[in-house]
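Notes follow once the structure below has been shown.
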Amino acid sequence: MTKRTKAILDKLDEVYTREYKCYLDHETPWQLLIATMLSAQCTDARVNIVTKELFKKYDTVEKFANADLKELEQDIKPTGFYHNKAKNIISCTNTLMEKYNGEVPDSLEDLTALAGVGRKTANVIRGNIFNQPSIVVDTHVKRISKRLGLTKEDDPEKVEFELMKVLPKDHWILYNIQIITFGRQICFARGPKCEECFLTDYCLEYKEKNKKKKIKK
DNA sequence: CTCCCGATAT
DNA sequence: ATATCAGGAG
């Protein structure tokens, strides 16, 4: 790990010390799996509103596996992409019943083989449920890792592999939740609050912004 | 690369 | 009007 990377991680640790919680409400592994599937291109706040009722109505994996497609679509509609998500949830939970005795598997291969589960969702499960070091590359991690110059890649899988090289393994899971928190509070996609940011010394975009200002003056 | 897609902020 | 939100599949 370079000095620069360590300085960034130290700053993050300083501000987001024990903010280690998952923002998707869940009580079981399969609930987190479904909540994460629903979170694609949707705010976690909305996912939590939907799952609050959803997990009362479907309180077992088996109930999801036997759900009526059209009815489930309506139940999850506010999260968007509801045709695909409903179909995937039914297919995925059927696989859980048939191949895994209704449990959620822990390997990346088994998880990504499930319908509607890609590397991002699989890594959320591995990190949060099984405590396996894993890098979750979502929209926040990708955007902010680029701004901080930790990667130049655009493809989420390449970002994941590069961050695995750059970040110490014992910081992988923590990095995810820190960056998501940072992205929600300060480093927005649109109009980031650079005045309140504690990482401007390491931000490539901030550097660019100041260059342009100086030229104008 | 395109499509899936509703809700909210700007 | 448009960008963005804890992405994934064909």
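We use all heavy atoms of the structure for the numbers below, so side chains are in, but hydrogens, waters and symmetry mates are not. Below, chain A is the first sequence line, B the second, and so on; all start at residue 1. In this text the structure is predicted, and so the values were computed from the model without any measurement.
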*List the steps and the verdict of side-chain hydrogen bond (donor to acceptor under 3.5 Å, both in side chains) for A:Asp25 and A:Gln31.*
CA-CA 8 Å; A:Asp25 295 340; A:Gln31 284 186 350; over 6 Å; no
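- On a pure distance criterion of 3.5 Å, a polar donor-acceptor pair joins the side chain of A:Arg190 and the base of C:dA3.
- Considering only side-chain N and O atoms, A:Arg143 lies under 4.0 angstrom from the phosphate OP1 or OP2 of C:dC5.
- When rounded to the nearest whole Å, the span between CZ of A:Phe81 and P of C:dG8 equals 11 Å.
- Contact check, A:Tyr82 against B:dC4: no side-chain N or O comes under 4.0 Å of OP1 or OP2.
- Rounded to whole Å, atom C1' of C:dA6 lies 16 Å from atom CZ of A:Phe188.
- For the P atoms, the distance linking C:dA6 with B:dT10 amounts to 14 Å, nearest Å.
- If you take NZ of A:Lys85 and P of C:dA6, they are 11 Å apart, rounded to a whole angstrom.
- For the pair A:Leu38 CG and B:dC5 P, the computed distance is 13 Å after rounding to whole Å.
- Using a 4.0 Å heavy-atom distance criterion, A:Thr121 is classed as a sugar-phosphate-only contact.
- At a threshold of 4.0 angstrom between heavy atoms, the contacts of A:Leu114 are confined to the sugar-phosphate backbone, with no base atom among them.
- In this structure, CD of A:Glu157 is placed 16 Å from P of C:dG7, rounded to the nearest angstrom.
- For A:Arg184 and A:Tyr23, the positive end sits near the middle of the six-membered ring, less than 6.0 Å away and at most 45° from its axis.
- Checking C:dG7, B:dA7, C:dA6 against every side-chain atom of A:Arg46, the shortest atom distance belongs to B:dA7.
- Using a 4.0 Å heavy-atom distance criterion, A:Thr139 is classed as a sugar-phosphate-only contact.
- Residue-level contact check: A:Val117 touches the backbone only, with heavy atoms under 4.0 Å from sugar-phosphate atoms and none from bases.
- Within the structure, every side-chain polar atom (N or O) of A:His83 is placed at least 4.0 Å from both OP1 and OP2 of B:dC4.
- Atom CD1 of A:Ile76 is separated from atom C1' of B:dC4 by 12 Å (rounded to the nearest Å).
- Along DNA chain C, the nucleotide nearest to A:Thr112 and the one nearest to A:Val136 differ in position, and the one closer to the 5' end is contacted by A:Val136.
- Between A:Tyr175 and A:Phe182, the distance separating the two ring centers is not shorter than 6.0 angstrom.
- Residue A:Asp44 contributes atom CG, which lies 14 Å from atom P of B:dT8 at whole-angstrom precision.
- Checking A:Thr93 against A:Tyr58 by side-chain atom types alone, no donor-acceptor pair falls below 3.5 Å.
- Checking each of A:Leu163, A:Val166, A:Asn123, A:Ile173 against A:Ile135 for a side chain to side chain contact (heavy atoms under 4.5 Å, CB included) leaves exactly one that passes, namely A:Leu163.
- Along DNA chain C, the nucleotide nearest A:Cys42 and the nucleotide nearest A:Gly116 are compared for position; the residue whose nucleotide lies closer to the 5' end is A:Cys42.
- Between A:Ile125 atom CD1 and C:dA6 atom C1' the separation is 12 Å, expressed in whole Å.
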